[in-house]
Each structure stands twice: as C-alpha cells, then as structure tokens.
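Computed over heavy atoms, backbone and side chain alike; hydrogens, waters and symmetry mates excluded. Quick note: residue numbers are just sequence positions, from 1. All ligand and atom numbering here is 1-based and tracks the order in the structure.
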Amino acid sequence: MEKTYYITTPIYYPSGNLHIGNTYTTVFCDALRRYKDMRGYDTYYLTGMDEHGKKIETVANERNMHPIKHVDEIAAATKALWDRMNISYDDFIRTTEKRHKTVVQKIFEQLLDQGDIYLGEYEGYYCMHCEAFFTESQLGEDNTCPDCERETSKLQEESYFLRLSKYQKKLLSFIEENPDFITPESRRNEVLNFIRQGLNDLSVSRTTFDWGIKIVSNPKHVVYVWIDALSNYISALGYGTDNDELYQKYWHGDEVVHVVGKDILRFHAIYWPIMLMALDIPITFKLHAHGFYTAKEGKMSKSKGSVVYPDTLIDRYGLDELRYFLLRELPYGGDGIFTPQSFVERINYDLANDFGNLLNRTVSMINKYLNGKVTSYSEASTDYDEDLETMCKETVKTYSENMESFKVSEAIKAVWALISRTNKYIDETEPWILGKDENKKDELENVLYHLAESLRHIGILLQPILLDASQSLFKQLGVSKSLRRYDTLSFGELREIEVARKPSPLFPRLDQEEEIEKLTKHLRGEEETQEENEENLATFEDFTKLDLRVGKITDCKPHSNADKLLVIQVDIGEGKDRQIVAGVAKHYTPESLIGKKVVVVANLEPVSLRGEKSEGMLLAASNDDTLEVLTLEKANPGDSVS
Ligand code: ME8
C-alpha cells in the first residue's frame, strides 16, 4: 500500500488580497506535495480561509457589506489565484462552512464537559490585527502589540478558558522527546523557552462581537478564532462525523505536515497540540515554520510601495519564474528579501543563462552533429563522464534529503550545482571540436548522451518546482513519459531519443536595467503613460518586423491543463499546420472556431504554455467583458496581412 502524506497551509484571513508572503507558503506546500507524489505517496493537500473574527467583521462593515458577502468574494478571488498558480490542492476549507462549524461546536462542548474549558473573567489587551490577546506585562511601549507594534485595546469580559496549564508538562516532554516535531531547530528552541516560562490558560471565547461560531450551550459567546481556525486541519477531513474516512486515512496515516509562517508558530506548536491532547487525538503532525519575505528596507508596506502581489509578477514574467524565485530565495530558517533587482537577476542568471542555455545548446548540438538522435549509453569513458555521472547520483540524494527536511531552497541549489557542472562539462569536452573529426564520432555521441541524460535528471528533479519548463525540457529532448519518473533516476536509463528540430528558449532573457526600472515603478504604482514614454511609439520598421498572415483553423481542442486555453491547429499556407495556444476558451467553444479564417502573428518566438507548444498568436479584439477573434471571409491561408 502507498504511504500517505497530508500537508496543510495556514488558512488565510480574507482581509485583503493575498501577497507574495501567503503565496510563498502555498507554493512551498505545492512543491512538497508534488515531490511526494513523485515519490509514490498517496498525498492530500489542504488549504483554505479563516473567515471569522472581529477583524473580518470590521473590514466588511467598512465596505458596507455583510461579512459573508465579503468573505465569499475574497474566497472566490483566492481560489482563482491558486488556480492561476496551478496549486494542486485537494480541498479548500472555509471556516464559515457548515461542515466546519458543527465540528468546532462539538469539540468545544466536549472540552467543556471534560472540564478542559471553564468559564471565567477575561481582562487583557487585544490586538485586532493579530487576533491575539496579551497580558499587560507582554505589551510593548505605550501598550502596543508585542508582535506587530500596533495599538491594542483593553478588554474585560466573561470568557471561556482552555486549561493550557494542565497540559504544560505533557507538551514539554512531547517536544523534548520528538526532536523533529518542530523545525527549524531555532523555532523549536523558541517554543521550548516559551513553555518553560509557564503557560497561562487561554481565553477561547468572546461576547463582544458576533461574527463567529456560536457556543451551543451558551450562545451569547462565539468561539474565539484560534480554536475555530486550528480545528480546520481535522474538520476538513471529516473528523467527528459519520463520514471520517479521510480523517482515518490521512490524520492517522504515515506523514502529516503543517507548514506555517514564523508569526503563528506558537499557536501551532502549543495551543493546537494541547487541544489534540485534550481531545485524545494523536499528534501525528510535524510543524515547519518558515521565515518571512520582506522588502529591502524591512517589512512589506503598502505606503512604501513594497507589497508585492503575485498577479503582477505572473502577468509580466510567468508562473515558473515566480515559483522559482519564491522557493529559491527564502533560506531555511531565515527571511528572504524581494527586490525587483533580485527577481530580475534570478530570472536572467539562473533560469535563462544557466538552465535555459544548457538545454538550448544541447538540443542544438544533437541536431547539428547527430541529426537529432541520441542512441544509447555505453559507459563512462573519461574522467569528465565519471565526474558528471557521480554528480547526477549525488544530486538526487542531496535534493531528496533536502526536500524531505523542508529545505526546498537547498534542494534547488543542489540542482543548480548540477546545471553548472553540466555546463562545465561542455567546456571540458568541447563537442564542437569533436564534431570536426569523423574519427571522434563515438566520443561525440557519448558526450551528447551525457548532456541529455544529465538534463533528464535535472528535468525530473525540477518537476515540483518549474511546472511548464520541466515539461518543455522533456518534450524538447524527446524524453518519453515513463522516463520522467523519479524511480528512473539512474544514469544510463535514457535510450533512443529524438530531440525537437529547433530548440525553443525555456526562459526569455530580460533587459535587466529596463525591467528593474519598470518593476520598481509598477510596485510603487507609477505606471508609465504613453506620452511619458516616447519609446512606446513603434516605428514603421518595428511594424514590418511582424509577419501577419491569414490562417485557417483546422482543429481545436481544450488545453488538458488550463481551463482558459484552447490548443488550435492552423493552416497558414506552410504545408504543415501550426499549433497555437490561445486564451480564448471563455469566449469560444473549440468546435465554433474550426473552419474560421483568422489573422496569425507567424514569427513570434515559440513558447510553451502549460506544457503545450505555441508557435504564434491569433489577433483578437477585447475589453473587460468580451473577446472577439478577428476573422476574414475571402482571403486564403498564407495571405499576408499588412
Ligand atoms: O495567520 N512572508 O492568517 P494570515 C512569508 N488565519 N509568509 C508570509 C508573509 C510574508 N511576508 N506574510 C504572511 C493567519 N505569510 C491565520 C492562520 S491557521 C489555523 C490560521 C504567510 O492570513 C505565513 O504562512 O495572516 C503566515 O503564517 C500566514 O501567511 C499568515 O496568514
């Protein structure tokens, strides 16, 4: 039987649009999930929204909306964002859903009946932003929140309390006995220190606002958000209901992982395990708390124009580029900095130069010297070969160990070390010199085989990270589906490949200075206008660079991996149809396009869109609501348009 793997993100507050910070956690979990899939696990990925609490109520009031309308809107936008980012989640739990509420109510009543929750009087300071309560001694200067330094307000009210003190010793021994329960170690030490100082019982209900789950036995109270929120990890699996198959399978399965940011470590490392102990549920999870993305000058701030939203980056640079940056740039145990410069440099240096060029050179040389075909592996014949083979083997090991221990950035670094080694192998073996000598044909074949096989390793390991680029690599190299699997990672497995006739660049190189400037301005909200930017004017020469042609659509199918895209075959008079991937699925059914004569930009650089090659573009007119593909009546396929 397959081993199970259950991974969760925090459930995010719907207080505004998600920025690259929340995106980071979600992409991080997505990468780990895909990695575990590749290792043959039966995986389950949960994410969702934490929709109750005073903060949400206030935001909705400010918008003159009922809170449910507000949260519905943000939940829909969040799901759309995750779809756009190809996040492979299985369930999206919302705490306003009935399936969640009934479980929380049940948990609360059970803890109350057992005496683990009791009614008392709460006096303290509340930070609305963090949804956290503090005692006077915990506050910062001028009674500010010790975490976010915002103002707090003093509260005195009847409240239920969870007896943390009762479980303090048990929790301490649990953490001491399970050294890898909390990672990184620095976070684990933080938690241990906190517990050793003594735990105060936790206030777990409120009477001063309504937007929450009502306590059944005393409906004047609503459950305070953390008991509500943390329960999502089991309510989503059907815990406490008749339909608890997922709970039995995954919570009681082989591996359970909660990934959170360092800001909510304490809630997950202390309150959640104590809740589970009180409910007599085994603590099966491991907790990983990562650092934060910040701007150069510190915390991301809207007023300084340093809050970065993922849409902006995907629109302009692409999803793989964003995933790569996020996963590579945040070090294990530390914080990461997003700057336009570091972002653009990572794309140019790591993706376009090191990785993209390696594939490009390899495919070109296999075409040039071997007529596109590489046959089979003989065995290492030079020290360079041996060195490269050893490096491939070691990289698989280092990469996998790092992925297993949440060191995704380190895992990526290991793959890039192999990319560099493979680039160096080209310099060492000089295939262009071997190519001049007929007697060196075998040697040349061996060199090109080594390059292709090393790239296959790289492609397999990058599958959880770079979704499109890894698939494009396999297609360009002609690696069959069965050889894209992790369990085929052994040097020499690759046989009889036929590479693409022409390589297509995996990552276009950016004009560094120009992009950094543009991105900086964009983040500050200072878009260039047409008048300000003379360079925006196209010369007649620019226009003539475009090869616009009439094409007739001969076939059209939905994209297997993207709802918005259609994969279209067009006859543009070349004797062979071209494939074009177009984002028109919302406006046209595939059948309705077949037979239409359209205008095609025929000399665009080919790209891969979600794994499908696109060699051109259709012209269309659009506004916010409609989109219409330009069509012609009389013209013939191949006619030029000017
Ligand atoms: O805390 N860098 O929700 P939240 C990296 N609802 N990660 C960041 C980040 C940054 N700059 N900013 C936020 C909540 N995050 C609760 C959770 S769970 C039972 C309830 C990520 O919307 C990080 O994972 O404030 C952090 O823990 C989470 O977003 C906080 O999201």
Side-chain angles (χ1 to χ4, degrees), residues 7-30 32 46-56 59 71 74-75 77-78 81-82 92-96 100 103-104 107 127-132 145 147-148 150 187 204 212 223-236 257-273 275-276 285 287-302 304 306-310 322 325-327 329-339 406 408-409:
I7 186 162
T8 67
T9 69
I11 46 173
Y12 301 108
Y13 289 130
S15 37
N17 285 338
L18 299 188
H19 50 68
I20 56 160
N22 321 99
T23 308
Y24 171 73
T25 316
T26 312
V27 169
F28 185 87
C29 291
D30 183 67
L32 289 179
L46 175 71
T47 187
M49 297 234 93
D50 186 0
E51 302 187 342
H52 291 125
K54 177 118 188 90
K55 184 160 70 171
I56 307 303
V59 174
V71 296
I74 305 237
T78 304
L81 174 65
W82 298 154
F92 187 99
I93 179 103
R94 299 179 53 189
T95 53
T96 49
H100 175 73
V103 173
V104 171
I107 288 177
C127 170
M128 192 161 83
H129 180 80
C130 301
E131 292 279 16
C145 169
D147 289 341
C148 75
R150 289 180 174 80
R187 302 277 168 229
V204 291
V223 180
Y224 162 57
V225 287
W226 281 99
I227 284 220
D228 174 354
L230 290 163
S231 307
N232 92 87
Y233 300 128
I234 51 175
S235 71
V257 171
H258 294 319
V259 177
V260 298
K262 61 181 182 182
D263 56 329
I264 54 175
L265 170 69
R266 202 182 297 163
F267 302 100
H268 286 79
I270 299 175
Y271 308 153
W272 181 225
M275 273 174 71
L276 293 171
F285 69 88
L287 178 64
H288 177 68
H290 61 70
F292 261 33
Y293 264 108
T294 66
K296 208 175 186 172
E297 58 282 359
K299 217 174 154 163
M300 289 194 279
S301 126
K302 268 193 188 156
K304 289 186 197 142
S306 56
V307 183
V308 187
Y309 296 102
L322 175 61
F325 179 89
L326 289 176
L327 295 174
E329 196 72 16
L330 197 109
Y332 179 80
D335 291 328
I337 300 177
F338 179 96
T339 64
F406 308 110
V408 175
S409 171

Side chains of Tyr13 and Met49: closer than 4.5 Å at any heavy-atom pair?
no

Sub-4.0 Å atoms of ligand 1 with respect to non-hydrogen atoms of Ala229
19 (C)

What protein heavy atom sits nearest atom 22 (O) of ligand 1, and how far away is it?
Tyr13 N, 2.9 Å

Within the 6.0 Å centroid threshold, strictly below: His19 and Tyr309
no

If we only count N/O pairs under 3.5 Å, is Tyr233 in contact with ligand 1?
no

Does Ile11, backbone or side chain, put an N or O under 3.5 Å from an N or O of ligand 1?
yes

For His268 and Tyr233, which I'm curious about, is there any donor-acceptor pair between the side chains at under 3.5 Å?
yes

Within a distance under 4.0 Å of any heavy atom of Gly291, pick out the atoms of ligand 1 and give their elements.
5 (C)

Is a side-chain donor-acceptor pair under 3.5 Å present for Thr96 with Glu51?
yes

Compare Leu265, Asp263, Val260 and give the one whose heavy atom is closest to atom 27 (O) of ligand 1.
Asp263

Of the protein's non-hydrogen atoms, which lies at the shortest distance from atom 13 (C) of ligand 1, and what is that distance?
Asn22 ND2, 3.6 Å

Near Asp50 (heavy-atom distance under 4.0 Å), the atoms of ligand 1 are 6 (N), 16 (C), 20 (C)

Identity and distance of the protein heavy atom lying nearest atom 7 (N) of ligand 1:
Gly21 O, 3.1 Å

Could you tell me the residue and atom name of the protein heavy atom closest to atom 24 (O) of ligand 1, and the distance to it rounded to 0.1 Å?
Thr25 OG1, 2.7 Å

Heavy atom of the protein closest to atom 28 (C) of ligand 1 (residue, atom name, distance):
Tyr12 CE2, 3.9 Å

Starting from atom 11 (N) of ligand 1, which protein heavy atom do you reach first, and at what distance in Å?
Tyr293 O, 2.9 Å

Does ligand 1 have an atom that lies less than 4.0 angstrom from a heavy atom of His268?
yes

When the ring centroid of Phe267 is compared with that of Trp226, is the distance short of 6.0 Å?
yes

Side-chain contact, heavy-atom cut-off 4.5 Å: Leu326 with Leu322?
yes

Do any nitrogen or oxygen atoms of Ile264 lie less than 3.5 angstrom from nitrogen or oxygen atoms of ligand 1?
no

I want to know whether Phe338 and Tyr293 have ring centres closer than 6.0 Å.
no

contact_flag His290 ligand 1 heavy-atom lt 4.0 Å:
yes

Residues His129 and Asp147: side-chain donor-acceptor under 3.5 angstrom
no

Would you check if there is a donor-acceptor pair between the side chains of His100 and Thr95 at a distance under 3.5 Å?
no

Just need the protein heavy atom nearest to atom 12 (N) of ligand 1, so name the residue and atom and give the distance.
His19 CE1, 3.3 Å

Using a strict threshold of under 4.0 Å (side-chain N to carboxylate O), is an ion pair present between Arg94 and Asp50?
no

Side chain to side chain, Leu330 and His290, heavy atoms closer than 4.5 Å:
yes

Side chains of Ile7 and Leu46, heavy atoms from C-beta outward: is any pair under 4.5 Å?
no

Tell me whether Trp226 reaches ligand 1 (any heavy atom closer than 4.0 angstrom to a ligand atom).
yes

So for ligand 1, is Asn232 a polar contact partner (N or O within less than 3.5 Å, distance only)?
no

Atoms of ligand 1 less than 4.0 Å from Met300 heavy atoms?
11 (N)

